[in-house]
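Notes to accompany the following structure.
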Amino acid sequence: MYTKINGFGIDYIVEGSSTNLPVVLIHGFPFSKKMWKPQIEALKTDYYVVAYDVRGHGLSGVGNGQYTIEYCVDDLVGLLDLLKISQAVVVGLSMGGYIALRTAERNPDRLKGLVLCDTRSEADTNEIKIKRALQAKSVKIFGAKKFANTFIPTVLYENTIKNKPEIVKLLREIIDRASPIAITGMLIALAARTDTSSWLRNINVPTLLMAGNYDEITPPAVLSSMKEQIPKAEMHIIPDAAHLCNLENPDAFNKHLLTFLKKI
Ligand code: MLT
C-alpha cells in the first residue's frame, strides 16, 4: 500500500489481524521490506505485522534525496499513527536499528519492545564518514549496479554467497532498481546520525539483540556491549550468518524472535 506521510510517499504492507500485537519491521540500507519475507511468513499468524520501505528505498518516494534519520523516525511515527497503533514491537536491522534506537530515545511511549539486529548505537567514526563520502561519489559516477557489486559481498557470509544464490539475486535486484539520488542521500544521512549510546540505559522495554556471527560491519561484540547497557536485554548470536542474519539464517533468527515475542 502506498500512502503519504509528512508529505512523503511511503510504501508498506500489513499482514495478520490488527487485534494482535503489532510488530513493525525496518530494513537495512539500501534494501527494502522484501528482506523481511521469512519473518513476515513466520509472524503473520499470531502478530499484526507491518513492513515498510524507508524513504528513498524500495517503492517509497525518493524526493530530493536530502534525508536524515530524524525524518525516518517521523515517518515511522506517522505510519504508526496512520495504522492507529499506539505501541509496537519495533524490529530494526542495521539502518533499521539506527531508526529504532533513535525512536526509543525520541518516542519511547510508542514502543512495546525492541529488537536490534546487526546494528550499533555509536555514530560513525571519521574513517566511516570518509568511506561513505567515497561510496557516494562512486554511486554518482558509476551508478547503483556497480555499488551492488562491491556492497553485497560486505554484508553476506561467504557460504551464503556460495550456497544461497537466491539471496544474492534478491539483494542485487533491490539495489539495481534503487535511485542513485536515494543511495547517496541516505549515505549522507547515515554519516550525520546522532550517537544514541547514552540513552541505552534508559530503554525500559524488553529488548532482543541479534547479530550474525560473521558480521564485520556490526560485529557481535558491538551488540554485546549494547546488551550490557540496556536494562531488560537478551542477546543471541546467529550462526552461519554475517550482516543480514534474518535472511542468511531465518530458522535461527525466527526461533529467537518468536520466543522473545511470546514473552511480551
Ligand atoms: C545497513 O545494513 O543498514 C548498513 O550497512 C548500515 C551502515 O552502513 O551503517
Side-chain angles (χ1 to χ4, degrees), residues 24-36 39 51-58 60 67-73 75-76 90-103 114-139 144 147-157 160-161 167-168 170-175 178 180 182-197 209-223 225-226 238 241-249 253:
V24 180
L25 307 169
I26 318 176
H27 61 82
F29 164 86
F31 303 116
S32 76
K33 57 180 162 358
K34 283 189 177 171
M35 64 164 275
W36 293 115
Q39 285 65 49
Y52 71 100
D53 291 332
V54 172
R55 60 168 68 197
H57 295 71
S60 285
Y67 313 136
T68 63
I69 293 298
E70 299 307 306
Y71 299 158
C72 296
V73 175
D75 295 342
L76 171 61
V90 173
V91 182
L93 186 138
S94 200
M95 173 186 75
Y98 308 152
I99 297 168
L101 280 164
R102 183 65 183 127
T103 306
L114 195 55
V115 182
L116 301 169
C117 323
D118 304 281
T119 193
R120 66 170 78 238
S121 56
E122 294 96 2
D124 280 3
T125 58
N126 283 349
E127 191 190 353
I128 296 176
K129 284 181 208 256
I130 291 167
K131 186 175 157 203
R132 295 204 199 275
L134 292 171
Q135 286 174 323
K137 191 172 165 186
S138 167
V139 171
F147 180 69
N149 291 343
T150 51
F151 189 75
I152 291 172
T154 68
V155 294
L156 296 177
Y157 172 41
T160 306
I161 297 176
I167 295 183
V168 179
L170 171 72
L171 300 181
R172 188 172 289 283
E173 277 167 10
I174 297 173
I175 301 183
I183 298 178
T184 53
M186 194 48 77
L187 281 165
I188 293 164
L190 293 175
R193 75 186 191 277
T194 59
D195 188 316
T196 51
S197 306
L209 297 104
M210 289 193 272
N213 59 340
Y214 296 108
D215 187 350
E216 289 178 3
I217 298 178
T218 48
V222 168
L223 285 101
S225 153
M226 286 164 65
I238 305 299
H243 192 57
L244 302 184
C245 67
N246 73 304
L247 268 179
E248 298 183 76
N249 191 345
F253 185 98

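Just follow the structure's listing: the first ligand is 1, and inside any ligand the first atom is 1.
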Check: In terms of residue, atom name and distance, what is the protein heavy atom nearest to atom 5 (O) of ligand 1?
Finding: His243 NE2, 3.3 Å
Check: With under 30° as parallel and over 60° as perpendicular, where do the rings of Trp36 and Phe253 fit, or are they tilted in between?
Finding: tilted
Notebook entry, point to check: What is the ring orientation for Tyr157 with Tyr214, classed by angle as parallel under 30°, tilted 30 to 60°, or perpendicular over 60°?
Noted result: parallel
Check: Does some side-chain heavy atom of Glu216 sit less than 4.5 Å from a side-chain heavy atom of His243?
Finding: no
Check: Hey, do the aromatic rings of Tyr67 and Tyr71 have their centres closer than 6.0 Å?
Finding: no
Note to self: Give me the nearest non-hydrogen protein atom to atom 6 (C) of ligand 1 as residue plus atom name, then the distance to 0.1 Å.
What the structure shows: Ser94 OG, 3.0 Å
Checklist line | Min N/O separation Phe29 to ligand 1 under 3.5 Å | finding: yes
Notebook entry, point to check: If we only count heavy atoms from C-beta on, is the Asp118 to Ile217 side-chain gap below 4.5 Å?
Noted result: no
Margin query: Geometry only, no angles: is Tyr98 polar-contacting ligand 1 at N/O separations under 3.5 Å?
Written below: yes
Note to self: Please list, in number order, the atoms of ligand 1 under 4.0 Å from a heavy atom of Met95.
What the structure shows: 1 (C), 3 (O)
Notebook entry, point to check: Would you find a donor on one side and an acceptor on the other, under 3.5 Å apart, between the side chain of Arg132 and the backbone of Lys129?
Noted result: no
Checklist line | Nearest protein heavy atom with distance in Å, relative to atom 8 (O) of ligand 1 | finding: Arg132 NH1, 2.9 Å
Next item on the list: Run the numbers for me: atoms of ligand 1, each under 4.0 Å from some heavy atom of Gly28, listed by number.
Entry: 3 (O)
